[in-house]
Amino acid sequence: MAESSCPSSSAAAPSITITLPDGSTRTYGQGVTGLEIAESIAKSLAKAAIAVKVDGQQRDLCDPIMTDAAFEIITLDSDEGLEIMRHTVAAQILACAVKNLYPEAKLAIGPTIENGFYYDVEFKEPLSEDDLDKIEKEMRKIKESNAPIQKSLNSKDQAVKAFEKRSEPYKVKIIEESGQEDNFQLYAQGETGFIDLCRGPHLPSLKHVGAFKLMKVAGAYWRGDQNNQMLTRIYGTAWRNDKELKEYLQMLEEAEKRDHRKLGAQMDLFHFQEEAQGSVFWHAKGFVIYNQLENYIRRRLRDVDYQEVKTPQLIDNKLWEKSGHWGKFRENMFVVPDEVPNTDEDGPVITGKGRLMAIKPMNCPAHVQIFNQGIKSYRDLPIRMAEFGCCHRNEAHGALHGLMRVRQMTQDDAHIFCREDQILDEVKAFVELFYAVYQDFGFTDIQIKLATRPEVRAGDDAVWDRAEAAMAQGLEALGLDFEVTPGEGAFYGPKYEFHLRDAIGRTWQCGTCQLDFVLPERLGASYIGEDGDKHIPVMIHRAVFGSLERFAGILIESTGGKLPLWIAPVQAVVATITGDADGYAQEIYDRLFALGLRVELDTRNEKINYKVREHSVAKVPVIFVVGNREADEKTVAVRRLGGKDQEMMSLDAAIESLVTECKPPY
RNA sequence: GCUGCUGUAGCUCAGUGGUAGAGCGCACCCUUGGUAAGGGUGAGGUCGAGAGUUCAAUUCUCUCUAGCAGCACCA
């Protein structure tokens, strides 16, 4: 029999001091529960309470408090409260509904995620999205029961038995491999017989549950390992009430309109097709964006002492063997035989006897080849070598995603060859450059990760210590918050990852900065030090945008296609109201064109309403509208995207201000 | 690569075991209109590819392929 964790506090118990968030203190008997404290403060508070925080730790309302502690009550109004509610919806309502409808289903895990939750379940038959309605209906039934949720603490043996009895092998595995021996928390739902294993806390009762909706089903590997069984993951979202849920769903709908793949088609920027899976066909308008990005970063790099190079696309696999890519990265490489194809009708196209070449997946080995030409002195370092290198990676089909994940990409790549004592300065300079650039694009929601040494690595620990310290310092020096992801570094060195969000909140790594102690040595890079001896330089792989494709995708989504003037594929349209103004419009167009602006002329036989709407939908930032009046007075009516009114300006002034506005920020 | 879903006109999407429809767009005509859709007429599709079941397949089944969502992997 499980022992209850919710004993009533005994009057004879020694007293403890509870400190409330406002700083006031209260005295209670040892073992007092959060609920009892809440009741002693106010009845309404006890009613709204769903969990508590004891010394910053989330606990259930029924947990006894044994020592002096800082104490806080969690209600649904807080983010924490909402998350607890989502957790309960997953673990108690979704899981229970699944078991009611599919008794043979095996429950795995059901955590919360941003805006919702999921549950991984093994089903006998595949589950499709159509089944979600049925499950959701069952969930509503369960919610309406308003059942209380009771916790019990169990020994390992008791917990294992409870789940073996219910034939839940995943739960048993979790318990057995937890490394924990006692105090397994099982949450039971009223008299239903349903239990779930959970860290908690949970709502004290289902009556606190607000509005929820199941969103989608997908596959997910057990424990995130692709060698394991694939389970069915059911995603859902939950909110305090119907209104919040509706708002969230509407927000998602709006966000989908900003999807770069949708805008790419609507705005005639690029397309993809079967025959070149995962590679972009940039249309004229889209390529403007690409070129603007490239030229912008080129100007930036020039001013911080980078030199630009260009290296071969096809390189003999011998070099890839030497660099280590053949061993570590080959499954992501495209390999071509260096052989004249057989032209016989029936014969095989290639014999397979030719030497193998690989299309480069990265630029780094080629950059070392340039570094290796001639003898380098310590005085030459650092050498910052940049390349807008076009790389091909044979990405898994399921990984491809519009511009965000492609098989042919161009990185704003560079490699810095430096001495170990220069690492900190170089890393700092990079982060400064990175931030200056992202500011120009208005990106502020940037997640920074510092990925540190993995288990399998090259280089000795003293070097790793120094490298990781330098990288942490580089961020700290600029006062930036970052998350350390231990073990996530490359085998050759620690790295920064800079992540940006897309329209629906998925994050994508864009910028990166990686230290490398291995490649220069493998490829024989060296410099003559002050001491006259040969030394191996450190190599820093770094990219600000990451890939131009991905960055363009993120930019399109973050702006909803309303690109800043300097990047906009069409900066202005000159549109006529009547055919009488065609000559004047042409004159304006010619002047803007001569000034290097990207401008279009619209003298079509359409009403001005129609033209304005069409160019607005196409997200052209500025429309110069001209009719007879403007032609007579040498003026233009300037209409800006999203604006309600137009501004009458003299032609000269309008052109001058447009030219100024179209200037890049750098 | 794995799991599930989807593939019909340039785009968005209906629809059917008897070889297809709408809106937008496009072309032509009328309209010269003052800031987010003026009117008329017309042209467009081997219904993703292949195989099977059937008298008959765009529709049912299988395989392949691509896309979407997620997982794994990664800029």
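In what follows, chains are A, B, ... by sequence order, proteins preceding strands, each numbered from 1.
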| query | Between A/M215 and A/Y118, is any pair of side-chain heavy atoms under 4.5 Å apart? | reply | no

| said: Please report the distance separating the P of B/rA49 from the corresponding atom of B/rG10, rounded so that it comes out in whole Å. | reply: 13 Å

| task | Could you tell me whether the side chain of A/R405 has a donor or acceptor atom within less than 3.5 Å of a complementary atom in the base of B/rC73? | result | yes

| query | Rounded to whole angstroms, how far apart are CG on A/N609 and C1' on B/rU32? | reply | 13 Å

| field | Distance in angstrom units between A/Y221 OH and B/rA72 C1', rounded | value | 5 Å

| request: Using the C1' atoms only, state how far B/rU35 lies from B/rC26, rounded to an integer number of Å. | output: 25 Å

| On a whole-Å scale, what distance lies between the C1' atoms belonging to B/rU16 and B/rC60? | 13 Å

| field | Euclidean distance for P, B/rU58 against B/rA20 (whole angstrom) | value | 10 Å

Check: protein-nucleotides 62-69 of chain B nitrogen or oxygen pairs below 3.5 Å:
unit_1 : atom_1 : unit_2 : atom_2 : d
B/rU65 : O2'    : A/E274 : OE1    : 3.1
B/rA66 : OP1    : A/Q277 : OE1    : 2.9
B/rG67 : OP2    : A/Q277 : NE2    : 3.0
B/rC68 : OP1    : A/R261 : NH1    : 3.0
B/rA69 : OP1    : A/R261 : NH1    : 3.4
B/rA69 : OP1    : A/R261 : NH2    : 2.7
B/rA69 : OP1    : A/R506 : NH1    : 3.3
B/rA69 : OP2    : A/R261 : NH1    : 3.1
B/rA69 : OP2    : A/H401 : ND1    : 3.2

| Nearest-Å distance once atom C1' is located in both B/rA43 and B/rC29 | 15 Å

| said: Categorize A/A637 for me: base, sugar-phosphate, or nothing, with a 4.0 angstrom heavy-atom threshold over every strand shown. | reply: base

| request: Kindly state whether the ring of A/F441 and the ring of A/Y296 have centres lying under 6.0 angstrom apart. | output: yes

| query | Can you tell me how far C1' in B/rG45 sits from the matching atom in B/rG39, rounded to whole Å? | reply | 28 Å

| request: Enumerate the residues from residues 222-232 of chain A whose closest heavy atom to RNA chain B is under 4.0 Å, giving them by residue number; use none for an empty result. | output: A/G224, A/Q226, A/M230

| At what distance, to the nearest 0.5 angstrom, does NZ of A/K285 lie from NE2 of A/H283? | 11.0 Å

| For atom P, what is the distance between B/rU54 and B/rU6, given to the nearest Å? | 26 Å

| Contact class for A/Q514 vs. all strands (heavy atom < 4.0 Å): base, sugar-phosphate, or nothing? | sugar-phosphate

| field | Pair of N/O donor and acceptor under 3.5 Å linking B/rG25 base with A/E614 side chain | value | no

| Pairing partner of B/rA75 (Watson-Crick or G-U wobble, both distances under 3.5 Å) | none

